[in-house]
Amino acid sequence: MPRITFKKDRITFEVEEGDWLYGVCQDARASIPFTCKAGACGTCATEVLEGRESMGDPRARETRTLE
């Protein structure tokens with residue numbers, strides 16, 4: 001089962017493939033802030049330290065926000 005580690009919070013959380021990251025953060029009680037909950041405002045922008053190859057491609061809205 002895939003796992004996500006929130007380094008700042010010292011939490012490792014098991015997830016199902018395809019889970020929405022917002023829901024995972026809420027369930028894990030991670031300290032990542034969310035405002036719009038859609039990836040448009042950039043509040044939740046988070047650095048991925050390992051495992052990028054396991055993530056899906058960024059959607060157009062995510063790409064625009066990160067640029």
Side-chain angles (χ1 to χ4, degrees):
M1 179 174 280
R3 289 176 296 170
I4 295 178
T5 299
F6 300 95
K7 189 174 179 180
K8 178 181 175 184
D9 299 316
R10 298 184 186 140
I11 297 169
T12 297
F13 201 77
E14 290 191 352
V15 300
E16 296 291 330
E17 190 170 326
D19 279 353
W20 189 32
L21 188 55
Y22 171 73
V24 171
C25 291
Q26 294 295 100
D27 292 345
R29 293 193 165 96
S31 63
I32 297 172
F34 288 88
T35 299
C36 73
K37 300 178 180 85
C41 71
T43 302
C44 61
T46 303
E47 183 179 10
V48 176
L49 301 175
E50 294 178 34
R52 173 66 183 99
E53 66 280 355
S54 299
M55 296 172 61
D57 292 330
R59 295 191 174 119
R61 178 181 286 176
E62 294 167 323
T63 301
R64 283 192 308 271
T65 300
L66 293 172
E67 289 173 346

To the nearest 0.5 Å, what is the distance between CD (Glu50) and NZ (Lys7)?
8.5 Å
Heavy-atom pair with the smallest gap, counting every atom of Met55 and Val48:
SD-CG2, 3.7 Å
Let me have the donor-acceptor pairs involving side chains of residues 18-35, under 3.5 Å, with sequence neighbours excluded, atom names and distances please.
| from | atom 1 | to | atom 2 | distance (Å) |
| --- | --- | --- | --- | --- |
| Asp19 | OD2 | Glu16 | N | 2.9 |
| Ser31 | OG | Asp9 | OD1 | 2.8 |
| Ser31 | OG | Asp9 | OD2 | 3.2 |
| Thr35 | OG1 | Thr43 | OG1 | 3.2 |

Partner residues of Arg61 under the side chain to side chain contact (heavy atoms under 4.5 Å, CB included) criterion, sequence neighbours left out
Ala38, Ala40, Arg64, Thr65
Rounded distance (nearest 0.5 Å) linking atom CZ of Arg10 with atom OG1 of Thr5
13.0 Å
Once you round to the nearest 0.5 Å, how far does CD1 of Ile11 lie from CZ of Arg3?
14.5 Å
